[in-house]
Number of protein chains: 2
Amino acid sequence: MDENALFTKLVSFTTSVHRVTQELSLNAKADSITPIQYNILEYVTVSQSVTPSEISDCLHMSMPNTSRELRKLIEKGLIEKIGDLGDRRKHYIRLSNEGETMMKEAFATIEYRFQARIQNASKEDLKEIDRALEILQTKLFY
Amino acid sequence: MDENALFTKLVSFTTSVHRVTQELSLNAKADSITPIQYNILEYVTVSQSVTPSEISDCLHMSMPNTSRELRKLIEKGLIEKIGDLGDRRKHYIRLSNEGETMMKEAFATIEYRFQARIQNASKEDLKEIDRALEILQTKLFY
DNA sequence: CCCTTTAGTTATCATTTGATAACTAAAGTT
DNA sequence: AACTTTAGTTATCAAATGATAACTAAAGGG
């Protein structure tokens, strides 16, 4: 196995992934939030109950900027902040009902486009895709 | 095959891909260029000889903004603009020698981290990864 | 030749994002 | 009790990005 060739393949692969995910999510998010705010909502949706510090770490943004964007999302009524009972410095962020509705809509749009993209795939193709996703997820993109 | 489950898997997969590529390319780019300028250089590197319109389309940015960023990259000596001989409205963008050097360095950093990431993978693992990349590239992220 | 389309530019403005300093308050440590 | 660390906030500034209007110049079509 030529590892350099594998790297080249990876570069073109990740480029494709970025392009396709961008196409799938184009205009899926409400106009009332910025791209970064959407990223935060997406992260909160997937991870459920995270602290501002975790958001800061995982999305590679500074605490002050994280704090600002979380405040804006709270002002927009999309998330809620709950204090930790044990450690009163800590807070947990979770989606509000409104936030959940918004994210469900966004995901529905994206899923619709995804289904359109794989509508011509055979059952065997889908199985192969499923297996390939699993392999890469565990062995490369862990 | 449950297509909804497949979608969920896709969401978590693309999130991972984004996170890992971000980790691999963290600080790989020179400080003298902005993230968007890096994206343009990456696109030019991979595609070779593209027009401003293509860059505008593929990177989802408006022509005026594309034009501005290309001008900045030319001022920094990283790309060159060559007029089309037949159609004098068209131009082709390509990396300058300096731009190639910069991108080679960036890619070397990224590749080094990539090799570190797969150093524990067996030959069979690498074969599987290679095959999985191919399947997804052709059947999902085309 | 006139009209329309294509390719790209320049200028300008608003918004978003990034970075830093200075701060509060709670928790942990000695 | 004093000190340090952790978690988070507020304020402020600079830079990057996005959006729009108005423009030039060449190509294509009738």
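Chain letters run A, B, ... following the sequence lines, proteins first, then strands; residues in each count from 1.
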ask   = Under a 4.0 Å N-O cut-off, is there an ion pair linking Glu134(A) with Lys9(B)?
value = yes
Atom pair distance, as rounded to whole Å: [atom1] in [X] and [atom2] in [N]:
{"X": "Asp31(A)", "N": "dG18(D)", "atom1": "CG", "atom2": "P", "answer": "15 Å"}
{"X": "Met63(A)", "N": "dT24(C)", "atom1": "CE", "atom2": "C1'", "answer": "13 Å"}
{"X": "Leu26(B)", "N": "dG18(C)", "atom1": "CG", "atom2": "P", "answer": "13 Å"}
{"X": "Glu69(A)", "N": "dG18(C)", "atom1": "CD", "atom2": "P", "answer": "9 Å"}
{"X": "Leu73(B)", "N": "dT17(D)", "atom1": "CG", "atom2": "P", "answer": "11 Å"}
{"X": "Leu70(B)", "N": "dG8(C)", "atom1": "CG", "atom2": "C1'", "answer": "10 Å"}
{"X": "Asn65(A)", "N": "dT20(C)", "atom1": "CG", "atom2": "P", "answer": "10 Å"}

remark   = Numerically ordered, the residues 34-61 of chain B set in heavy-atom contact under 4.0 Å with DNA chain D is Thr34(B), Pro35(B), Ile36(B)
inquiry  = Expected output is a numbered-order residue list: members of residues 83-95 of chain A with a heavy atom under 4.0 Å from any atom of DNA chain D. What is it?
reply    = Arg89(A), Lys90(A), His91(A)
ask   = How far does the helix from dC1(C)-dG30(D) to dT30(C)-dA1(D) bend, going by the axes of its first and last five pairs, to the nearest 10°?
value =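 Overall, the helix from dC1(C)-dG30(D) to dT30(C)-dA1(D) bends by 30° from one end axis to the other.
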message = Closest approach to the side chain of Ser62(B), judged atom by atom: which nucleotide of dT20(C), dT20(D), dT9(C) is it?
response = dT20(D)
task = Measure from the side-chain heavy atoms of Arg68(B) and tell me the nearest of dT9(D), dT20(D), dA19(D).
result =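 Shortest atom-to-atom distance from the side chain points to dA19(D).
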inquiry  = Per the side chain to side chain donor-acceptor pair (under 3.5 Å) rule, what does the pair list look like for residues 73-84 of chain B, sequence neighbours excluded?
reply    =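 Every side chain to side chain donor-acceptor pair (under 3.5 Å) pair that includes a residue of residues 73-84 of chain B, provided the two are not neighbours, is Gln37(B)-Lys76(B), Arg71(B)-Glu75(B), Glu80(B)-Arg94(B), Asp84(B)-Tyr92(B).
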task = Taking the side chain as every heavy atom from C-beta outward, state whether His91(B) and Ile82(B) have any pair of such atoms under 4.5 Å apart.
result =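 Side chain of His91(B) against side chain of Ile82(B), heavy atoms only: no contact under 4.5 Å found.
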inquiry  = Could you tell me if the side chain of Arg131(A) sits less than 4.5 Å from the side chain of Glu128(B), heavy atoms only?
reply    =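 They are in contact (side-chain heavy atoms under 4.5 Å apart), so the answer is yes.
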Distance, nearest 0.5 Å, that separates OG1 of Thr66(B) from CD1 of Ile93(B) = 10.0 Å
query = How long is the span from the OG1 atom in Thr45(A) to the CG atom in Leu41(A), to the nearest 0.5 Å?
reply =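 It is 6.0 Å, given to the nearest 0.5 Å.
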query = Within the pair Lys72(A) and dT10(D), is there a side-chain N or O less than 4.0 Å away from OP1 or OP2?
reply = no
message = Quick one about Glu111(B) and Gln115(B) (side-chain donor to acceptor, distance below 3.5 Å, no hydrogens or angles considered), yes or no?
response =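 Yes, Glu111(B) and Gln115(B) have a side-chain donor paired with an acceptor closer than 3.5 Å.
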request  = Mind checking side chain to side chain contact (heavy atoms under 4.5 Å, CB included) for Thr109(B) and listing every partner two or more places apart, or none if nothing turns up?
outcome  = Ala28(B), Arg113(B)
ask   = Residues two or more places apart in sequence or in another chain: which of them pass side chain to side chain contact (heavy atoms under 4.5 Å, CB included) with Val20(A)?
value = Leu24(A), Arg117(A), Phe141(B)
ask   = Which of parallel (below 30°), tilted (30 to 60°) and perpendicular (above 60°) describes Phe7(A) and Phe114(B)?
value =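 Tilted.
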task = Give the minimum heavy-atom separation between Ile36(B) and Glu69(B), together with the two atoms involved.
result =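 Taking Ile36(B) first and Glu69(B) second, the nearest heavy atoms are CG2-CG, 4.3 Å.
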